[in-house]
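Have a look at the structure below before the remarks.
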Amino acid sequence: SVDTGGASWIQQTDKILDTEELEVSLGYSENTGSEARTATVTFTQEESGNKVLLHVTQEAGVTYTDYLEVPLQLTVLGNTKGSTLTIKVISYSLGSDGSKVAKSPSVGAAPSWANQVSVGQMTGDHEYPITFTATETNSSNTTRKEIALITCGTAKKSVIINQSGQPIKKEFTITGL
């Protein structure tokens, strides 16, 4: 007889070859957990009661960690409504086996004056363009700034988005020439 010790992830298939011989096959379901699992399979000869123990260890499944990088880049949007700013971010899920799985970023919060946002298709090595469009003109002469929150699953990064102000116009009058 064969006893899998209650390990539900081990499947046993028996095939009787003849009156004296039995073929036992063991199958295993995928380990989707983050830790290895073990079991002891016991083979017992009915006539003698002799036992053979087989210790089985199944390594942990692949686990994934969300990864997000926002490389240093210029984040200044033009001062007029409709101006656009495109930044590049690197976004993916990193497997415990070293694999990278594409995962598109999203924008959780955008500046109130540039809240029209689109995320483009992946290019290069998991690089995604994110475009912010100004929904208001900055009519002051100072640059304004707000934070955009970019996410990739559980990974989050804050990026300061700037909108330039109106150019300062100075008029000079020269007299006495």
(request) Evaluate the criterion side-chain hydrogen bond (donor to acceptor under 3.5 Å, both in side chains) for residue pair Thr137 and Ser139; output intermediate values, then yes/no. (result) CA-CA 6 Å; Thr137 294; Ser139 55; over 6 Å; no

(request) Any chance you could measure Lys145, atom NZ, to Trp113, atom CH2, to the nearest 0.5 Å? (result) 10.0 Å

(message) Give me each pair satisfying ring-ring contact (aromatic ring centres under 6.0 Å, His included) with a member in residues 63-112, each pair once, sequence neighbours excluded.
(response) Tyr67-Tyr92, Tyr92-His126

(request) Show the numbers, then the answer: is there a salt bridge (Lys or Arg N to Asp or Glu O under 4.0 Å) between Lys88 and Glu69? (result) CA-CA 9 Å; Lys88 302 276 186 178; Glu69 178 184 345; over 6 Å; no

(request) Kindly compute the distance separating OH (Tyr128) from CG (Leu68), expressed to the nearest 0.5 Å. (result) 11.0 Å

(request) State, yes or no, whether a side-chain contact exists between Asn162 and Ile160 at a heavy-atom distance under 4.5 Å. (result) yes

(message) To the nearest 0.5 Å, what is the distance between OG1 on Thr151 and NZ on Lys103?
(response) 9.0 Å

(message) Just verifying a value: how many Å separate Gln73 CD and Thr86 OG1, rounded to the nearest 0.5 Å?
(response) 9.5 Å

(request) Can you measure from OG (Ser118) to CD (Gln116) and round to the nearest 0.5 angstrom? (result) 8.0 Å

(message) Quick check: closest heavy atoms across Asn115 and Ala110, and the distance to 0.1 Å?
(response) CA-CB, 4.0 Å

(request) Could you tell me which non-hydrogen atom of Asp66 sits nearest to which non-hydrogen atom of Gly153, and how far apart they are? (result) OD2-CA, 3.2 Å

(request) Over all heavy atoms of both residues, which pair between Val41 and Val2 is shortest? Give the atoms and the distance, please. (result) CG1-CG1, 3.7 Å

(request) State, to 0.1 Å, how close Ala114 and Val117 come at their nearest heavy-atom pair, and which atoms those are. (result) O-CG2, 4.0 Å

(request) Specify the closest pair of heavy atoms between Ser91 and Pro105, including all atoms of both residues, with the distance to one decimal. (result) OG-N, 3.5 Å

(message) Measuring only between side-chain heavy atoms, which start at C-beta, is Val56 closer than 4.5 Å to Trp9?
(response) yes

(request) Answer yes or no: are there more than 12 heavy-atom neighbours, outside Leu149 itself, under 6.0 Å from its atom CG? (result) yes

(message) Rounded at 0.5 Å granularity, tell me how far CD in Gln163 sits from OG1 in Thr135.
(response) 8.0 Å

(request) Please check if atom CD in Gln45 has more than 12 non-hydrogen atoms from other residues, nucleotides or ligands closer than 6.0 Å. (result) yes

(message) Side chains of Gln12 and Val24, heavy atoms from C-beta outward: is any pair under 4.5 Å?
(response) yes

(message) Under the criterion side-chain hydrogen bond (donor to acceptor under 3.5 Å, both in side chains), I'd like the reasoning laid out for Glu146 against Ser112: C-alpha separation, chi angles, the key distance, then a yes or no.
(response) CA-CA 8 Å; Glu146 283 187 31; Ser112 58; 2.9 Å; yes

(request) Check whether any side-chain heavy atom of Thr42 sits under 4.5 Å from a side-chain heavy atom of Ser1, and report yes or no. (result) no

(message) Just so I know, are the side chains of Arg144 and Thr142 near enough to count as touching, which here means a heavy-atom distance under 4.5 Å?
(response) no

(request) Check whether any side-chain heavy atom of Ile150 lies under 4.5 Å from a side-chain heavy atom of Ile130, and answer yes or no. (result) yes

(message) As a quick check of understanding, evaluate side-chain hydrogen bond (donor to acceptor under 3.5 Å, both in side chains) for Ser164 and Thr143, giving each step before the final call.
(response) CA-CA 4 Å; Ser164 58; Thr143 298; 5.8 Å; no

